[in-house]
Amino acid sequence: MQVLRGMVDILPAEARRWQWIEAVFRETASRFGYGEIRTPLLEHAELYERSVGDTTDIVQKEMYVFDDRGGRTVALRPEGTAGVVRAFVEHKLYGRETLPLKLFYMGPMFRYERPQSGRQRQFHQFGVEALGSDDPFLDAEIISLAWFFLQSIGLDTVELHLGSIGCPGCRLRYRERLIRHLLPHRDELCEDCRRRLDTNPLRILDCKIDGDKPFVRSAPTILDDLCDDCKTHFTQVQTALDALGVPYTIDPHLARGLDYYTKTVFEFIDTRIGAKSTVLAGGRYNGLVKELGGPDLPGIGFAAGVERLMLLLEKKAVPSGAAAAFDVVVSGFGTGQDVAWKLLFALREAGVRAEWSFDQKKLKAVLRDADRAGARYVVLVGDDETVRGEVTLKDLKSGEQTTFSQETLVERLKTLLS
RNA sequence: GCGGCCGUGGCGAAGUGGUUAACGCACCGGAUUGUGGCUCCGGCAUUCGAGGGUUCAAGUCCCUUCGGUCGCCCCA
């Protein structure tokens, strides 16, 4: 048997790194005033069809959908925002909590894709959502939180791309203008882009084949078509970021792939991991709460791909935090076994990280293993010690060893290790 | 979903169709019967991702399948 395709085991050595990066994210989120929310991994498939958009690739070809035993059509969550907004609406949090309600989450997401590095079928995201405010300072807060988090874990090579895709009105106007611009050149487009002209003309702008063609480069950008409200909002976000010294580049071609985005969109990109270079991305979704049956409240958030962050960190030799699992190894042999066994537990009760020497190894092996594991001390109780009511304590670092009464062991070790 | 490359012990890696599948690291044992790190000596793949086929002979060739990886699509 082996793991399912696209699924990955996180082994102990790797898990330590995960704990570290999760701790940094939790700390960052809480410092910015975001509280944790945990939502189910399984939801009605319809939730994603309505939020992410039923024409998107995520819904059309990447969702893990199946009927449960009760005949409900359910899906493993492909992203985090929909579930959070669903919970917000379902529990009417907009009536109970001060707005904006600021939330973070972390956990596995599922997309049925062809795996490659930085892309798995089960992957993990750190995410943040703020619901109930359209204040541009909130956009800037979220972006600065993302930036600060990436700085905190040592990723200083990522670039922030910032854009706005306006409100539905702006987008409609722009779409028509873009099609008008590109239509005369239809025959010069690649096969994919001729299709995109009808389905998603915005994508033509960053097509690998057509993106550099003169008539594409001269295409109007959505930033020119923003309405006054969207334009002002976007300017204010920039001003707020400038004030903090958060560096960004305006990217008029940023087109998020999920249907729910409005106004501000942003992406943190690192070019060192090949084609899949986006490590964190997000934006506003002012229509989503209403779309899911709630009041007409705005929202904004982002999600970061943990595996992609890890990939980048590997190339950077990160603080591994490979601390020893324990400080003391206790070994009893001969008549000393029972005493040693009780001492081990007493040490643990007293807060000492102590380990038993399993499998009746020879003293030589006990010391070798303790040394390898990074333990500082070894407690030995053999026949000699037992008759005198003593224990032998060996300091692996200095090589020195002393013998003293069993009763004083716990106190001595606590002192030595403090 | 489409296309390219790859798959040999715990890890890295040699191996032009021919006998017992190099080597390095790691690991285990001994030299040292209650004392680690160093050194020396010895051990460690009935088997080459799995299944089938071609052949007198297959890790080496063919097919299928599973997995990884890279690119496309798309995305975190």
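Values below: all heavy atoms of this structure, side chains included; hydrogens, waters and symmetry mates excluded. Throughout, protein chains are lettered first and strands after them, A, B, ... in sequence-line order, and every chain is numbered starting at 1.
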hbond_proxy A:Arg308 side chain to B:C75 base (donor-acceptor, 3.5 Å cutoff) = yes

Mark yes or no for a side-chain to base donor-acceptor pair under 3.5 Å between A:Arg119 and B:C74, with no hydrogen or angle criteria applied.
-> yes

Toward the 5' end of RNA chain B, by each residue's nearest nucleotide, A:Gln401 or A:Gly305 = A:Gln401

In whole Å, what is the span from the [atom1] atom of [X] to the [atom2] atom of [N]?
X: A:Tyr261; N: B:C74; atom1: OH; atom2: C1'; answer: 14 Å
X: A:Gln60; N: B:C75; atom1: CD; atom2: P; answer: 12 Å
X: A:Arg121; N: B:G67; atom1: CZ; atom2: P; answer: 7 Å
X: A:Arg372; N: B:C25; atom1: CZ; atom2: C1'; answer: 13 Å
X: A:Tyr260; N: B:C75; atom1: OH; atom2: P; answer: 11 Å
X: A:Leu155; N: B:A76; atom1: CG; atom2: P; answer: 18 Å
X: A:Gln120; N: B:U69; atom1: CD; atom2: C1'; answer: 13 Å
X: A:Tyr112; N: B:C75; atom1: OH; atom2: C1'; answer: 17 Å

Any donor-acceptor N/O pair, [X] side chain to [Y] backbone, under 3.5 Å:
X: A:Glu113; Y: A:Pro115; value: no
X: A:Tyr174; Y: A:Pro220; value: yes
X: A:Glu129; Y: A:Gly299; value: no
X: A:Thr262; Y: A:Asn286; value: yes

Between [options], which nucleotide has the shortest distance from any of its atoms to the side chain of [X]?
X: A:Glu113; options: B:U35, B:U69, B:A76; result: B:A76
X: A:Arg5; options: B:G34, B:C74, B:G67; result: B:G67
X: A:Glu62; options: B:C73, B:C74, B:U35; result: B:C74
X: A:Ile58; options: B:C73, B:G34, B:C75; result: B:C75

Taking atom [atom1] in both [N] and [M], compute the distance separating them and give it to the nearest angstrom.
N: B:A45; M: B:A21; atom1: P; result: 10 Å
N: B:A14; M: B:U54; atom1: C1'; result: 27 Å
N: B:U8; M: B:U46; atom1: C1'; result: 15 Å
N: B:C23; M: B:G15; atom1: P; result: 15 Å
N: B:C48; M: B:G17; atom1: C1'; result: 15 Å
N: B:G29; M: B:G9; atom1: P; result: 24 Å
N: B:C5; M: B:G12; atom1: P; result: 22 Å
N: B:U16; M: B:C72; atom1: C1'; result: 36 Å

Within 6.0 Å of CZ in A:Phe345, more than 12 heavy atoms from elsewhere = no

May I ask you to check whether A:Phe126 and A:Phe104 place their ring centers less than 6.0 Å from one another?
-> no

Are A:Tyr285 and A:Tyr260 close enough that their ring centers fall under 6.0 Å?
-> yes

Side-chain donor-acceptor pair present, A:Tyr34, A:Glu141, cut-off under 3.5 Å | yes

Under 4.0 angstrom, heavy atoms only, what part of the nucleic acid is [X] near: base, sugar-phosphate, or nothing?
X: A:Arg114; answer: base
X: A:Gly6; answer: sugar-phosphate
X: A:Glu79; answer: nothing

Tell me, please, whether A:Phe404 has A:Arg412 positioned over its six-membered ring: NZ or CZ under 6.0 Å from the ring centre and within 45 degrees of its axis?
-> yes

Does A:Gln116 place a side-chain N or O at less than 4.0 Å from the phosphate oxygens OP1/OP2 of B:G68?
-> no

For [N], the Watson-Crick or wobble counterpart (both distances under 3.5 Å):
N: B:G37; value: none
N: B:C73; value: none
N: B:G42; value: B:C28

CA sep, side-chain torsions, deciding dist, call: A:Tyr248, A:Asp242, side-chain hydrogen bond (donor to acceptor under 3.5 Å, both in side chains) | CA-CA 9 Å; A:Tyr248 58 86; A:Asp242 291 341; 2.9 Å; yes

Check the geometry between A:Phe333 and B:G34 and answer yes if their rings are stacked (centres below 5.5 Å, planes below 30°), otherwise no.
-> no

Letter by letter from the 5' end, nucleotides 36-43 of chain B scores (B base, S sugar-phosphate only, - none; protein heavy atoms under 4.0 Å) BB------

